[in-house]
Amino acid sequence: MGLKHLIAEAEKLLRSAGVQEPLIQVNRDPSFGEVASTVAFQLAKSLGRSPKLIAEEIAAKIETSGSELISYVEAINGYVNFRANWVGYSQAILEEILSSGGRYGSSGVGAGKRIIIEHTSVNPNKPLHVGHARNVCLGDTLARLYRFLGYEVLVLNYIDDSGTQMADVILGFMELGYRLDPPAGMSFDEYCGDVVYVESVKRAELDPALAERRRQITGEIESRSGRAFELNRMIVWKVLRDQLRTCWRLGARYDVLNMESDILAYGLWDEIFGKLKAAKAIYFAESGPKAGCWLLDLSRHPVLSKEGDEVLIKSDGTTTYIARDIAYAAWKLEASSKDFSYEVFDENPDGSKIYVTSEQGKVRIPVSGAVKVINVIDVRQRRPQEIVRYALSLLGLDAEKYIHYGYEVVALSRKDAEKLGYSPELDQRIIHMSGRRGLYIKVNQLLDLLKWRAMMEIRERHPDWSDDRVSETGEKIAVAALRYALIRQDTDKMIVLDTDEIMRLEGDTGPYLQYTYARALRILEKAGYELSTKPPGEPSEPEKMLLRRMAYFPILLDEFHSNMLIKPITDYAYNLASEFNVFYEKVPVLKADDRERRFRLAIVKSFATLFSILLDLLGVPRIDVM
RNA sequence: GGGCCCGUGGCCUAGUUUGGAUAGGGCGUCGGCCUGCGGAGCCGGAGGUCCCGGGUUCAAAUCCCGGCGGGCCCA
């Protein structure tokens with residue numbers, strides 16, 4: 001064991017000096033030593049003496065001669081700093097990585113436990129835009145991380161196939177004369193979203209007769225029979241196939257597609273409605289502005305009580321979105337006796353099967369026993385998600401398990417909005433994407449642009465490569481650039497898309513990570529594998545920097561396990577790559593003499609092992625030569 | 001009118017959850033480094049009221065209160 005072992009040793013030494021609570025922190029500035037204790041600051045008040053003196057006394061009492069990893073202890077300005085015995089410490093770090101067999105850093109905390117993650121959930125009437133991609137990449141990265149921690153992860157994608165936005169598309173096909181085949185060169189989801197949907201919305205706004213027809217279509221879809229229903233199902237499936245292709249391109253995979261209409265058909269809402277009544281969580285309004293509605297009682301909610309109770313069933317008897325969300329969420333927490341049946345929809349690129357709800361289907365997929373149910377949904381849904389969560393608690397369910405993983409939206413810069421034909425107001429700095437107005441940048445469009453840009457670079461560097469190889473590598477670089485850009489930013493910060501910025505392949509980007517990995521592989525390829533974890537002496541600064549960072553990985557994953565934040569993982573990957581590049585520039589490996597060469601090869605091998613894990617966790621495709 | 005989120009060099013951003021030593025990066029800009037393990041790289045320079053004002057603390061970008069500006073959700 002590396003860093004964790006070193007921390008444990010430092011704690012032991014402090015206890016041996018009479019310190020009750022060691023308060024160890026990993027130093028950000030390693031010139032003070034690897035770890036430090038701030039215990040002297042804590043004791044200063046109660047002892048009525050200066051932290052500086054207390055720290056010096058503690059340090060004086062500590063005897064490091066029996067320690068494997070710590071060489072000495074010194075008090076500086078009230079901190080008690082611990083310096084590593086680098087000969088032993090670097091060996092411990094390298095051996096832990098090399099012996100872990102590609103599982104380095106995984107504590108295995110999730111073994112035997114299940115987590116449900118729902119992400120993507122794009123209406124099946126349009127292609128994915130970059131905002132959706134943020135959802136897909138965050139959700140998929142969470143799935144990868146939890147799987148690595150040993151959890152069994154079930155990935156769901158919720159398909160709202162019964163909303164009015166579907167009726168818009170159906171209206172176009174039934175009443176506006178659109179043929180079912182897209183024009184040449186256009187995929188079906190693009191055709192529906194870019195052409196039929198946008199035009200249909202526009203026409204229905206101008207023509208009340210069309211708006212009325214759309215209402216009829218909505219009713220027909222909900223009645224689950226007739227031409228509109230059949231057409232709807234066919235379109236949903238076709239669009240979904242195209243959408244999934246885009247998601248696969250981004251590296252995502254799925255286990256289950258839950259169709260909203262199928263789930264309602266199973267009587268899920270009726271069952272949960274009964275339970276809500278029994279729990280006295282809802283009531284029927286006899287009078288007032290909401291007379292005839294069933295409402296969720298929010299009067300005891302600390303914040304939402306101010307806004308009045310939430311309508312679940314409208315006076316015309318139809319359910320609201322939020323009612324259906326509550327029923328569905330309750331099902332995820334096993335509050336329902338319903339057991340949906342599934343059939344195979346498709347296969348992920350890794351060969352695993354994707355199931356879709358189906359009345360004729362024979363497959364049962366248990367959702368029972370999840371320790372967490374994570375729902376990746378943008379921040380605009382924060383209030384409704386809080387209501388869902390509150391309803392779950394009123395039903396007596398463990399609402400703590402139900403997690404809204406919120407993230408800010410992706411918006412357009414003025415410049416990019418103008419390129420799409422939009423005229424911003426003078427003071428408008430950002431423009432929100434809109435499916436209804438056709439104002440968005442498609443994932444495929446942006447990936448294609450990135451790929452084209454990457455391919456130009458590749459052709460310059462490798463004029464001898466075949467077209468296939470150039471294209472394949474270009475695709476991987478494009479995916480890396482987009483995926484990394486979307487997950488590296490804090491989830492509560494909006495991303496204002498700047499296509500010039502995102503086209504960059506240098507600096508803090510996905511391709512930088514790929515390039516660094518390829519460099520490491522090149523050394524290993526030329527070196528063979530005679531390596532040694534035993535340093536010939538005190539390692540150099542660049543070696544220490546790299547070793548230090550590698551040693552931190554297990555703690556990084558522990559932190560993720562408690563805070564669920566992805567961004568620190570991307571920061572870590574970038575810093576690690578950066579430190580490897582410094583090492584690469586400053587410390588020769590292949591040309592070093594024997595003992596140094598073997599030790600440095602162990603460092604490179606360890607780096608490649610760890611970095612390969614990291615790239616997989618982030619969904620950045622690995623490239624051996626670029 | 002109520003609630004939530006954001007505010008860090010010209011631009012973007014980490015650090016805020018858990019207060020700790022000199023506020024890290026990237027882009028851009030200026031200047032260096034390929035007969036060397038791959039220059040999609042590395043090194044250096046210039047550039048900062050951490051939005052403002054109070055408070056707590058030995059210590060505040062970080063915690064608390066009050067503003068200002070922007071975004072979102074609800075009424």
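Just so we're on the same page: letters track the sequence lines, and every chain starts at 1.
- When the salt bridge (charged side-chain N to carboxylate O under 4.0 Å, His left out) test is applied to A:E541, the partners found at least two apart in sequence or on another chain are A:K544.
- Across all strands, A:V589 comes closer than 4.0 Å to base atoms (heavy-atom distances).
- Spacing between atom CG of A:D490 and atom P of B:U8 amounts to 13 Å, rounded to whole angstrom units.
- Atom-to-atom, CH2 of A:W465 to C1' of B:G38 comes out at 12 Å; the value is rounded to the nearest Å.
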Worksheet item: In B/S/- notation, 5' to 3', how is nucleotides 19-29 of chain B contacted by protein heavy atoms closer than 4.0 Å?
Response: -BBB--SSS--

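- In this structure, A:E386 atom CD and B:G3 atom C1' are separated by 11 Å, rounded to whole Å.
- Stacking of A:R549 on the aromatic ring of A:Y552 is not recorded, the 6.0 Å distance cut-off and the 45° axial limit not both being met.
- Within 4.0 Å of A:P588, counting heavy atoms only, lies at least one base atom of the nucleic acid.
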Between the protein and nucleotides 44-46 of chain B, list the N/O to N/O atom pairs that are separated by less than 3.5 angstrom.
none

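- Between A:Y79 and A:F32, the ring center distance fails the sub-6.0 Å criterion.
- Atom CD in A:E585 sits roughly 12 Å away from atom P in B:G36 (whole-Å rounding).
- Checking B:C72 for Watson-Crick or G-U wobble geometry (two distances, each under 3.5 Å) identifies B:G3 as its partner.
- The P atoms of B:U16 and B:C11 are separated by 24 Å, rounded to the nearest whole Å.
- For the pair A:V39 and A:P22, the minimum side-chain heavy-atom distance is 4.5 Å or more.
- Listed by chain and number, the residues in a salt bridge (charged side-chain N to carboxylate O under 4.0 Å, His left out) with A:R15 amount to none (sequence neighbours excluded).
- For B:C34, the base is syn relative to its sugar; the glycosidic angle is within 90° of 0.
- By the neighbour-count criterion of 12 heavy atoms within 6.0 Å, atom NZ of A:K372 is densely surrounded, having more than that number from other residues, nucleotides or ligands.
- Considering only side-chain N and O atoms, A:K306 lies nowhere under 4.0 angstrom from the phosphate OP1 or OP2 of B:G1.
- Separation of atoms CD (A:Q385) and OH (A:Y405) is listed at 14.5 Å; rounding is to 0.5 Å.
- Within the 4.0 Å cut-off from OP1 or OP2 of B:G15, at least one side-chain nitrogen or oxygen of A:K567 is found.
- Between B:G19 and B:G55, the two C1' atoms lie 15 Å apart (nearest whole Å).
- Here A:Y515 does not reach the OP1 or OP2 of B:C42: none of its side-chain N or O atoms lies under 4.0 Å away.
- Distance noted for atom C1' between B:C27 and B:A14: 15 Å (whole Å).
- In this structure, the CG atom of A:N581 is 16 Å from the P atom of B:C37, given to the nearest Å.
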Worksheet item: For A:I477 and A:R453, what are the C-alpha separation, side-chain angles and deciding distance, and is it a side chain to side chain contact (heavy atoms under 4.5 Å, CB included)?
Response: CA-CA 10 Å; A:I477 292 172; A:R453 165 94 178 74; over 6 Å; no

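- Ring to ring, A:F560 and A:Y146 are close: their centroids are under 6.0 angstrom apart.
- The existence of a salt bridge linking A:R249 and A:E475 is confirmed by a sub-4.0 Å separation between a basic side-chain nitrogen and an acidic carboxylate oxygen.
- Note: A:T570 OG1 to A:N575 CG = 9.5 Å, rounded to the nearest 0.5 Å.
- The separation between A:Q385 atom CD and B:C5 atom C1' is 16 Å, rounded to whole Å.
- Ring centroids of A:F607 and A:Y517 are separated by 6.0 Å or more, keeping the two rings apart.
- If you check every strand for non-hydrogen atoms under 4.0 Å, A:V39 touches nothing.
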Worksheet item: What one-letter contact string describes nucleotides 69-75 of chain B from 5' to 3', where B marks a base within less than 4.0 Å of any protein heavy atom, S marks contact via sugar-phosphate atoms alone, and - marks no contact?
Response: --SSSS-

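- B:G36 and B:G31 have their P atoms separated by 25 Å, given to the nearest Å.
- Note on A:I458: a base of the nucleic acid sits closer than 4.0 angstrom, heavy atoms only.
- Look at CZ on A:R429: it is 14 Å from P on B:G7, rounded to the nearest Å.
- Under 4.0 angstrom from either OP1 or OP2 of B:C37 there lies no side-chain N or O belonging to A:K526.
- Within 4.0 Å (heavy atoms only), A:I477 reaches at least one base atom of the nucleic acid.
- Atom P of B:A61 sits at a distance of 13 Å from the matching atom of B:U17, rounded to the whole Å.
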Practice prompt. Evaluate side chain to side chain contact (heavy atoms under 4.5 Å, CB included) for A:I458 paired with A:M626, printing each intermediate quantity in order.
Written response: CA-CA 7 Å; A:I458 298 165; A:M626 74 183 271; over 6 Å; no

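- Between A:Y512 and A:Y515, the ring center distance fails the sub-6.0 Å criterion.
- Across the protein-nucleic acid pair, A:R461 atom CZ and B:C34 atom P stand 19 Å apart, rounded to whole Å.
- The partner of B:G44 is B:C30, judged by Watson-Crick or G-U wobble contacts that both fall below 3.5 Å.
- The same atom, P, is picked in B:C30 and in B:G67; the two are 46 Å apart, to the nearest Å.
- For the C1' atoms, the distance linking B:G70 with B:C51 amounts to 11 Å, nearest Å.
- Considering only side-chain N and O atoms, A:R519 lies under 4.0 angstrom from the phosphate OP1 or OP2 of B:G39.
- In the region residues 617-626 of chain A, proximity to RNA chain B at under 4.0 angstrom, judged on heavy atoms, holds for A:V625, A:M626.
- For the C1' atoms, the distance from B:U35 to B:A21 is 45 Å, rounded to whole Å.
- Contacts of A:R522 with the nucleic acid, taken as non-hydrogen atoms under 4.0 Å apart, include base atoms.
- Proximity of A:K493 to the phosphate of B:G7: a side-chain N or O atom is located under 4.0 Å from OP1 or OP2.
- B:U62: no Watson-Crick or G-U partner with both key distances under 3.5 Å is found in any strand.
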